[in-house]
Amino acid sequence: MNSWEIFDDWGLEKKSVNNSNVLNWSDFDVLNKSFNTIIEAQYKELIPLIEQWDSLTIDLGKDATHKNWSNFRPLNLSREEDWSNWLAFLIEHSESGMFSYYLLNEKEGKNPKKVHRELSCGNYRADIVINWEGNNYTHIEVKIGDENLLKTFNTCLTLEDKFSNTNWKHYILLLSNQVNSWNQVSFFQSKHISLITWEDVSIALRKSILGEESITWKVWAYSFIGVIEQKLIGFNGHLLNDKPKENLEVKLNILKQGLKHE
């Protein structure tokens, strides 16, 4: 098959050249112009938002978007476990409890009694288990691309068997491009596991650094925002003058939602 036939269904106009019909490639010029118009409109919205965040985070050196986090060295970011460690630390050490409130819908101002990492339960290990007051527990499975999603259900069931007479909430944390796969896997399962994305984490962190937290916690949260939005969300904000297009709409949503305090 001629590889150019992939464009047959695009409805492109054809013109006659030497008694034969060929595609009118000028149609792509129109599409590109329309796309650039959309990008320009999004940047007119993005720049004022970043300026607003700059003023709100002036004590932290302006918004984390501006920094290049690709060679961030203070803590490892190469494995799923590294991201879980960061997340568990920020949940456990949030003095106001607002981070877990925004991310997990936990009661406002609620602090965990204990946050466990890699908690062993039978043949499985739970990424993060949070013990609140009494017998209330929250379990979070953390993913940054691992497609073995089905084992999450077995981990949940094993946890509940091991720690009986407890109240459980289960979450799975995914990249946005894993959501469709998760929906397909979870459709046939009876156990309910709530879905959160890394965008949700970044939004919850942004809301939290505008609140009453120690400067130490805010610095770690600020750094985590930076690496999440550059490395996992995929928006290269440090190249803002070049107007990067990839994941621009996602970045806009994070900045806007981070300013809302329901």
Side-chain angles (χ1 to χ4, degrees), residues 76-91 99-106 112 115-132 136-163 166-208 224-225 227-235 246-258 260 262:
N76 289 329
L77 290 169
S78 59
R79 304 176 307 147
E80 191 175 89
E81 290 84 355
D82 301 325
W83 297 89
S84 298
N85 287 338
W86 273 67
L87 183 60
F89 175 86
L90 290 169
I91 291 173
F99 179 42
S100 58
Y101 168 72
Y102 291 129
L103 182 63
L104 306 173
N105 297 314
E106 289 296 337
V115 178
H116 304 270
R117 276 284 292 118
E118 296 288 333
L119 183 64
S120 179
C121 50
N123 295 324
Y124 301 94
R125 286 183 180 271
D127 290 337
I128 300 174
V129 173
I130 308 163
N131 178 203
W132 307 100
N136 298 306
Y137 287 82
T138 296
H139 160 225
I140 308 173
E141 283 298 297
V142 178
K143 305 292 182 185
I144 57 168
D146 176 15
E147 289 297 336
N148 189 3
L149 303 177
L150 194 58
K151 68 179 181 181
T152 303
F153 293 94
N154 293 330
T155 304
C156 294
L157 293 171
T158 306
L159 272 175
E160 293 186 7
D161 285 341
K162 181 175 181 177
F163 300 95
T166 55
N167 301 313
W168 284 95
K169 292 181 181 178
H170 299 283
Y171 292 86
I172 186 166
L173 171 57
L174 299 174
L175 300 173
S176 288
N177 61 16
Q178 295 181 283
V179 171
N180 286 338
S181 296
W182 171 252
N183 289 337
Q184 293 173 17
V185 167
S186 62
F187 184 78
F188 299 100
Q189 303 296 322
S190 58
K191 169 59 64 180
H192 176 70
I193 301 174
S194 298
L195 168 66
I196 50 178
T197 66
W198 283 101
E199 288 95 312
D200 296 323
V201 175
S202 192
I203 290 167
L205 286 171
R206 281 184 173 275
K207 290 180 176 182
S208 299
F224 205 33
I225 289 168
V227 293
I228 288 171
E229 294 180 7
Q230 183 175 334
K231 288 177 169 285
L232 297 185
I233 305 302
F235 181 80
E246 190 172 9
N247 301 303
L248 171 57
E249 190 171 354
V250 179
K251 177 73 172 187
L252 267 172
N253 182 62
I254 290 172
L255 294 174
K256 288 188 286 188
Q257 294 301 317
K260 296 180 180 179
E262 297 86 359

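Between Ile144 and Glu80 the shortest heavy-atom distance is N-OE2, 3.5 Å. Taking all atoms of both residues into account, the shortest heavy-atom contact from Val115 to Ala88 is CG1-CB, 3.9 Å. Heavy-atom minimum distance, Asp127 versus Val142: OD2-N, 2.8 Å. Residue Lys207 comes nearest to Gly258 through the heavy atom pair CG-O, 3.4 Å, listed as atom of the first residue, atom of the second, then distance. The two residues Lys143 and Asn148 come nearest to each other via the heavy atoms NZ-O, 3.8 Å. In terms of heavy-atom proximity, Ser208 sits nearest to Ala204 at OG-O, 2.8 Å.
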Q | side-chain contact (heavy atoms from CB on, under 4.5 Å) between Phe99 and Val201, intermediate numbers included | A | CA-CA 9 Å; Phe99 179 42; Val201 175; 4.3 Å; yes

(Q) Apply side-chain contact (heavy atoms from CB on, under 4.5 Å) to residues Phe163 and His139 and explain how you reach the verdict. (A) CA-CA 12 Å; Phe163 300 95; His139 160 225; over 6 Å; no

Q | Candidate pair Leu159 and Leu119, rule side-chain contact (heavy atoms from CB on, under 4.5 Å), full reasoning | A | CA-CA 9 Å; Leu159 272 175; Leu119 183 64; 4.2 Å; yes

Q: Please assess Leu174 against Leu195 for the test side-chain contact (heavy atoms from CB on, under 4.5 Å), listing each intermediate value before the final yes or no.
A: CA-CA 8 Å; Leu174 299 174; Leu195 168 66; 3.4 Å; yes

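Atom-to-atom distance recorded for Asp161:CG and Cys156:SG is 11.5 Å, nearest 0.5 angstrom. Taken from CG in Leu157 to NZ in Lys162, the straight-line distance is 15.0 Å, to the nearest 0.5 Å. For the atom pair CD1 of Ile193 and CD1 of Ile140, the computed distance is 12.5 Å after rounding to the nearest 0.5 Å. Here the straight-line distance linking atom NE2 of His116 with atom OH of Tyr137 works out to 6.0 Å at 0.5 Å rounding. Here the OG1-CG distance, from Thr152 to Leu150, works out to 8.0 Å after rounding to the nearest 0.5 Å. In this structure, CD on Gln230 lies 10.0 Å from CZ on Phe235, to the nearest 0.5 angstrom.
Within 6.0 Å of atom CD in Glu118, more than 12 heavy atoms from other residues, nucleotides or ligands are found, so the atom counts as buried in its surroundings.
Although no hydrogens or angles enter the test, the distance criterion places no donor-acceptor pair under 3.5 Å between the side chain of Trp198 and the main chain of Ser176.
In this structure the side chain of Asp146 reaches within 4.5 angstrom of the side chain of Lys151, judged on heavy atoms. Inter-residue side-chain proximity for Ser181 and Leu149 is flagged as met; some heavy-atom pair is nearer than 4.5 Å. Between Ile128 and Leu173 there is no side-chain heavy-atom pair separated by less than 4.5 Å. For the pair Lys169 and Leu104, the minimum side-chain heavy-atom distance is 4.5 Å or more. Side-chain contact check for Arg206 versus Ile225: some heavy-atom pair is nearer than 4.5 Å. Using a 4.5 Å heavy-atom cutoff, the side chains of Leu205 and Ile228 are in contact. By the 4.5 Å heavy-atom criterion applied to side chains, Trp132 and Asn167 are not counted as neighbours. Annotation: side chain of Ile203 is in contact with side chain of Asn253 (closest heavy-atom distance under 4.5 Å).
At a threshold of 4.0 Å, the pair Glu81-Arg125 does not count as salt-bridged, since none of the basic side-chain nitrogens sits closer than that to a carboxylate oxygen.
Side chain to side chain, Asp200 and Thr197 meet the donor-acceptor criterion of an N or O pair below 3.5 Å. Between the side chains of Glu141 and Thr155, no donor N or O sits under 3.5 Å from an acceptor N or O.
Taking the six-membered ring for Trp, Phe153 and Trp182 have ring centres closer than 6.0 Å.
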